[in-house]
2 protein chains.
Amino acid sequence: MKKEDNPFSVAEAEESPGFLLWQVTSLWQREIRKALEKYDLTHSQFVLLASTMWLTRQNEPVTQILLSAHSKIDPMTTSTVLRTLQAKGLLERREHATDTRAKTVALTANGEKITRQAIKVVEQFDADFFAPLGNKISEFNKKLRLLLQQ
Amino acid sequence: MKKEDNPFSVAEAEESPGFLLWQVTSLWQREIRKALEKYDLTHSQFVLLASTMWLTRQNEPVTQILLSAHSKIDPMTTSTVLRTLQAKGLLERREHATDTRAKTVALTANGEKITRQAIKVVEQFDADFFAPLGNKISEFNKKLRLLLQQ
DNA sequence: CAAATATAATAAGTATACTTATAATAATAA
DNA sequence: TTATTATTATAAGTATACTTATTATATTTG
């Protein structure tokens with residue numbers, strides 16, 4: 001292969017933000033999965049449980065579509081995962097009071113208990129995972145928020 | 001729910017690097033998937049094709065385990081996805097010259113052609129996606145590398 | 001009000017992404 | 001050289017994560 005035919009725009013794979021993001025996320029998700037294993041929760045399940053708790057505390061009407069928007073998990077996956085969590089007895093899905101198309105999601109007592117424990121574990125894990133950034137974490141957060149807002 | 005019982009350590013979900021990383025990655029992967037649709041490639045397939053091309057250019061012996069390590073895709077998924085790519089005629093998996101346990105992966109002519117086109121599209125997509133960071137991209141890359149090195 | 005459009009949820013199907021377990025071989029140590 | 005350990009790849013099974021299509025209901029518009 002001829003050198004002048006290089007299809008890559010960067011000299012090192014380590015200079016591509018896309019490839020770096022791919023690698024970091026792969027590792028992060030893999031480690032989180034291990035941390036959640038003891039609660040028999042997948043990462044997506046945890047995100048939806050924590051989001052349900054979060055939105056409930058904001059006094060939002062917790063519909064599936066709102067959970068999907070908040071968690072950035074697509075609506076179909078949200079539906080599937082929530083049913084799994086319902087089967088596990090961690091949350092309930094009732095008919096919405098005013099919108100009969102929608103369902104209202106709420107944690108059960110056990111769901112609340114497990115979610116609280118899992119949040120602690122994940123927050124500690126994240127603290128460790130992002131520790132190499134030191135006091136640059138807020139800068140990192142700011143950059144991520146920039147990417148979300150486009 | 002009592003306020004003093006707040007299980008979250010941050011006042012806003014937007015202050016949690018973990019949740020932000022989850023959201024950014026979800027959006028990024030979803031958009032990349034759309035960009036790769038016209039080549040009938042998933043994101044993982046693209047990463048493995050580009051990694052094969054990259055490692056080939058580095059004159060590395062491109063085994064599945066090396067591809068797995070480079071791409072951060074676990075070995076089993078690497079095996080499955082590579083077989084899909086082989087069925088599509090985009091790459092070949094031959095017996096390794098010296099290690100009969102291993103397989104040597106190489107792009108076909110068509111695989112090379114499609115990979116080159118897809119790299120262009122993904123690099124352009126990433127340029128757009130990370131554009132809000134402006135000249136802070138190298139700082140962002142540096143932070144991601146810190147997280148990889150731990 | 002009736003028709004058109006939008007929204008909320010899900011069925012079915014495909015492709016990861018992971019787990020544990022296993023086969024086959026390579027590399028190393030006694 | 002033989003036994004132990006490590007490496008490379010894959011089988012089988014589970015849970016996302018997505019797509020397109022559909023159902024049911026809300027909302028908007030003429």
Side-chain angles (χ1 to χ4, degrees), chain A residues 22-23 25-49 60-88 90 93-105, chain B residues 22-23 25-49 60-88 90 93-105:
Chain A
W22 167 275
Q23 290 179 304
T25 308
S26 297
L27 291 179
W28 177 68
Q29 298 222 18
R30 199 168 300 161
E31 295 302 315
I32 288 249
R33 185 174 292 113
K34 283 182 200 162
L36 286 171
E37 229 166 33
K38 67 167 84 77
Y39 300 107
D40 193 29
L41 293 176
T42 66
H43 197 175
S44 296
Q45 288 171 10
F46 166 76
V47 169
L48 284 173
L49 286 174
E60 301 261 12
V62 188
T63 59
Q64 297 193 175
I65 200 70
L66 180 65
L67 278 169
S68 170
H70 183 255
S71 66
K72 302 287 187 292
I73 298 173
D74 84 305
M76 184 63 231
T77 306
T78 300
S79 172
T80 307
V81 175
L82 287 177
R83 222 173 323 176
T84 301
L85 291 170
Q86 183 178 34
K88 285 183 174 183
L90 299 181
R93 298 187 304 155
R94 303 196 190 122
E95 299 305 313
H96 191 279
T98 57
D99 189 337
T100 61
R101 296 168 307 180
K103 292 197 170 156
T104 299
V105 179
Chain B
W22 167 275
Q23 290 179 305
T25 311
S26 297
L27 290 180
W28 177 68
Q29 296 220 22
R30 198 167 301 160
E31 296 301 314
I32 288 249
R33 185 174 293 111
K34 284 182 199 164
L36 285 170
E37 230 168 32
K38 66 167 85 77
Y39 299 108
D40 192 29
L41 293 177
T42 67
H43 198 172
S44 297
Q45 288 171 9
F46 167 74
V47 168
L48 284 172
L49 286 173
E60 303 263 9
V62 189
T63 61
Q64 297 192 174
I65 200 70
L66 180 64
L67 277 170
S68 171
H70 182 257
S71 66
K72 304 285 188 291
I73 297 174
D74 85 306
M76 185 62 231
T77 305
T78 300
S79 172
T80 307
V81 175
L82 287 177
R83 221 175 321 174
T84 301
L85 290 170
Q86 183 178 35
K88 285 183 175 184
L90 298 182
R93 297 186 305 153
R94 305 197 188 120
E95 299 305 313
H96 191 278
T98 57
D99 188 337
T100 61
R101 297 168 306 177
K103 293 197 168 158
T104 298
V105 178

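Chain letters run A, B, ... following the sequence lines, proteins first, then strands; residues in each count from 1. Bear in mind that the values here come from a model prediction, so they are computed numbers and not experimental data. The basis for the numbers below is simple: all heavy atoms, side chains too, and nothing from hydrogens, waters or symmetry mates.
Regarding contacts with the backbone of D:dA15, every side-chain N or O of A:Thr84 stays at 4.0 angstrom or more from both OP1 and OP2. Side-chain nitrogen and oxygen atoms of B:Gln45 include none within less than 4.0 Å of the OP1 or OP2 phosphate oxygen of C:dA15. Of the side-chain N and O atoms in B:Arg93, one or more sit less than 4.0 angstrom from OP1 or OP2 of D:dT10. Using a 4.0 Å cut-off, some side-chain N or O of A:Ser79 falls inside it from OP1 or OP2 of C:dT10.
The side-chain contact (heavy atoms from CB on, under 4.5 Å) with B:Leu67 is formed by just one residue from the set B:Val81, B:Val47, B:Leu82; it is B:Leu82.
Both A:Ser26 and A:Arg101 lie near DNA chain C, and the one whose nearest nucleotide falls closer to the 5' end is A:Arg101. For the pair B:Pro75 and B:Trp22, both in contact range of DNA chain D, the more 5′-proximal nearest nucleotide belongs to B:Pro75. Where A:Arg83 and A:Arg30 meet DNA chain C, the nucleotide closest to each residue was compared, and A:Arg83 sits on the side nearer the 5' end.
Within the nucleic acid shown, A:Thr78 has no heavy atom closer than 4.0 Å to any nucleic acid atom. Backbone-only engagement by B:Thr98 is indicated by non-hydrogen atom pairs under 4.0 Å involving sugar-phosphate atoms exclusively. Contacts of A:Gln29 with the nucleic acid, taken as non-hydrogen atoms under 4.0 Å apart, are absent. Using a 4.0 Å heavy-atom distance criterion, B:Thr100 is classed as a sugar-phosphate-only contact.
Note that CG of B:Leu36 and CD of B:Gln29 are 11.0 Å apart. Values are rounded to the nearest 0.5 Å. Going from atom OG of A:Ser79 over to atom CG of A:Leu48 covers 10.5 Å, rounded to the nearest 0.5 Å.
Counting to the nearest Å, the C1' atom of C:dT10 and the CG atom of A:Leu82 are 12 Å from each other. The CD atom of A:Glu37 sits 6 Å away from the P atom of C:dT20 (whole-angstrom rounding). When rounded to the nearest whole Å, the span between CG of A:Asp99 and P of D:dT23 equals 19 Å. Rounded to an integer number of Å, the gap from B:Ile32 CD1 to D:dC18 C1' is 15 Å. Between the C1' atom of C:dT25 and the CD1 atom of B:Ile65 lies a distance of 14 Å, rounded to the nearest Å. Protein atom NE2 of A:His43 is 17 Å distant from nucleotide atom P of D:dA15, rounded to whole Å. In this structure, the CG atom of B:Leu36 is 14 Å from the P atom of D:dC18, given to the nearest Å. Here the P atom of nucleotide D:dT19 and the NZ atom of B:Lys34 are 7 Å apart, to the nearest Å.
Between A:Lys34 and A:Glu31 there is a salt bridge, since at least one side-chain N of the basic residue sits less than 4.0 Å from a carboxylate O of the acidic one.
Of the candidates C:dA8, D:dA9, C:dT10, C:dA8 carries the atom nearest the A:Ala102 side chain, counting heavy atoms from C-beta on. Nearest nucleotide to the B:Gln64 side chain, out of C:dA6, C:dT10, D:dT10: D:dT10. Which of C:dA15, C:dA9, D:dT16 sits closest to the side chain of B:Thr42 comes down to C:dA15. Of the candidate nucleotides D:dA12, D:dA15, C:dA9, D:dA12 has the atom nearest to the side chain of B:Met76.
For B:Arg93 (side chain) and B:Gln64 (main-chain N/O), no donor-acceptor pair under 3.5 Å exists by modelled atom type. Listed for the B:Ser26 side chain is no donor-acceptor partner under 3.5 Å among the backbone atoms of A:Ile73.
The partner of D:dT7 is C:dA24, by the rule that a Watson-Crick or G-U pair needs both atom distances under 3.5 Å.
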